[in-house]
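One structure is given below, encoded as structure tokens.
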Amino acid sequence: MNRLTNTIVCITGASSGIGASCAKAFASEGASLLLLARRKDRLDTLAADLTAQFGTRIQTATLDVRNREHVEKVFGSLPGEWRQIDILVNNAGLSRGLDKLHEGKVQDWEEMIDTNVKGLLYVSRTVIPGMVQRGAGHVINIGSIAGHQVYPGGNVYCATKYAVKALTEGLKMDLLGTGVRVCSVDPGLVETEFSIVRYHGDTQRAAQTYVNMKPLGPDDIADVVMFCVTRPPHVEITEVVVLPTAQASVHHVHRKS
Ligand code: NDP
Ligand code: 8X3
């Protein structure tokens, strides 16, 4: 199907996991893609694959969402036609550590807050005014079950995802009447590079997160994002919580023994 021909989709954090899966899903529907992340080599490899497979028009750019000036510069220097972003997927994000708060590393906290909260704000502040001006657009924030429930050691990561939930709800109110839609897609356990990043590259510890259970894959989340953006213009899905069947909450994961 080509339900998104002539649609420009911007995805932050498109170099891996959920962002990369969203890129593929949007490419398969005929969208043009603006793919952003810090690892440009990864973006370019993905872009070459998608162009070969679907003939997708793609722009890639290095972007660290934590740097406000850089965000403004990257979006400000886009060729004219690429500035009219129809769909923004605010996906760039990460967790760092699982320490008790009183033992936590300030650098980890700052990285999570700067990326998951301030980065999302900087990108949103830059992209959404154009949507409002055009009277149409769709913002998808990738939140988390961690924005609904807190777990031990989750402290600051959970706080950032609670913030994303609040920002999604506030944005929905602020955009009322503009024609711009807002949605939060909030996954549970998804096997990506997320846990490797959380544990600072400790792949063995990361693998324990998904041991003896079937987590979601990033394509499962892209599938939900695609459902949300392909509803008719008068339909707004505001929040979707997506869990693996083997997960009932942040505290309840069924592992086969
Ligand atoms: P990955 O680690 O696989 O992907 C994270 C992406 O974010 C990468 O593309 C990374 O790109 C990008 N990113 C990180 N920091 C920055 C930055 N400062 N500037 C720009 N891009 C950045 O993890 P996921 O795909 O799982 O994570 C995507 C989102 O999903 C995150 O917001 C995460 O919190 C959320 N989520 C994940 C869940 C999971 O279990 N995996 C569950 C619930 C939510 P690069 O390093 O190249 O910059
Ligand atoms: C990622 C899901 O439960 O590891 O947001 O925090 S969890």
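Index from 1, following the sequence. In each ligand, atom 1 is the first atom listed, and ligand 1 is the first ligand listed.
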For ligand 1, which atoms have a heavy atom of [X] less than 4.0 angstrom away?
X	answer
Pro187	42 (C), 43 (C), 44 (C)
Leu63	19 (N), 20 (C)
Ile142	29 (C), 30 (O), 35 (C)
Ser15	8 (C), 9 (O), 10 (C), 11 (O), 45 (P), 47 (O)
Gly17	3 (O), 25 (O)
Ala37	11 (O), 47 (O), 48 (O)
Ser16	1 (P), 3 (O), 4 (O), 8 (C), 9 (O)
Asp64	17 (C), 18 (N), 19 (N)

Could you check [atom] against the protein and tell me its nearest heavy-atom contact, residue, atom and distance included?
atom	result
atom 12 (C) of ligand 1	Gly13 CA, 3.5 Å
atom 2 (C) of ligand 2	Ser144 OG, 3.7 Å
atom 5 (C) of ligand 1	Gly93 O, 3.6 Å

- Message: Cation-pi check for Phe194 against Arg198: NZ or CZ below 6.0 Å from the six-membered ring centre and within 45 degrees of the axis, yes or no?
- Response: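 No, Arg198 does not sit over the ring of Phe194.
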- Would you say the side-chain atoms of Asp219 and Ser21 include a donor-acceptor pair closer than 3.5 Å?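 Short answer, yes.
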Closest candidate by heavy atom, reference [atom], pool [options]:
atom	options	answer
atom 15 (N) of ligand 1	Arg38, Arg198, Glu191	Arg38
atom 38 (C) of ligand 1	Gly143, Pro244, Gly188	Gly188
atom 19 (N) of ligand 1	Val242, Val241, Thr62, Val65	Val65

- Query: Can Thr60 and Asp44 be said to form a side-chain hydrogen bond (donor to acceptor under 3.5 Å, both in side chains), step by step?
  - Reply: CA-CA 7 Å; Thr60 62; Asp44 289 338; 2.6 Å; yes
- For Met131, does its backbone N or O pair with a side-chain atom of Asp86 as donor and acceptor, under 3.5 Å?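 Pair absent, no side-chain N/O of Asp86 close to backbone of Met131.
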- Query: Would you say the side-chain atoms of Asn91 pair up with the backbone N or O of Gly13, donor to acceptor, closer than 3.5 Å?
  - Reply: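 Yes, Asn91 side chain to Gly13 backbone: donor-acceptor pair under 3.5 Å.
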- Query: Once you round to the nearest 0.5 Å, how far does CD of Gln84 lie from OG of Ser32?
  - Reply: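 Those atoms lie 12.0 Å apart.
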- Message: Working to the nearest 0.5 angstrom, can you tell me the gap between Ile196 CD1 and Arg205 CZ?
- Response: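 Ile196 CD1 to Arg205 CZ: 13.5 Å, rounded to 0.5 Å.
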Is the closest side-chain heavy-atom distance between [X] and [Y] below 4.5 Å?
X	Y	result
Asp108	His200	yes
Asn212	His254	no
Arg68	Thr126	no
Cys228	Val240	yes

Relative to the heavy atoms of [X], which atoms of ligand 2 are at a distance of less than 4.0 Å?
X	answer
Ala146	6 (O)
Phe194	1 (C), 4 (O), 5 (O)
Tyr157	1 (C), 5 (O), 6 (O)
Tyr151	3 (O), 4 (O), 6 (O), 7 (S)

Taking heavy atoms and a distance under 4.0 Å, where does [X] meet ligand 1: side chain, backbone, both or neither?
X	result
Lys161	side chain
Tyr210	neither
Asn91	both

- Message: Between Ile128 and Ile85, is there shared hydrophobic-cluster membership here, with clusters defined by ILVMFWY side-chain heavy atoms closer than 4.5 Å?
- Response: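 Result: yes, single cluster for both.
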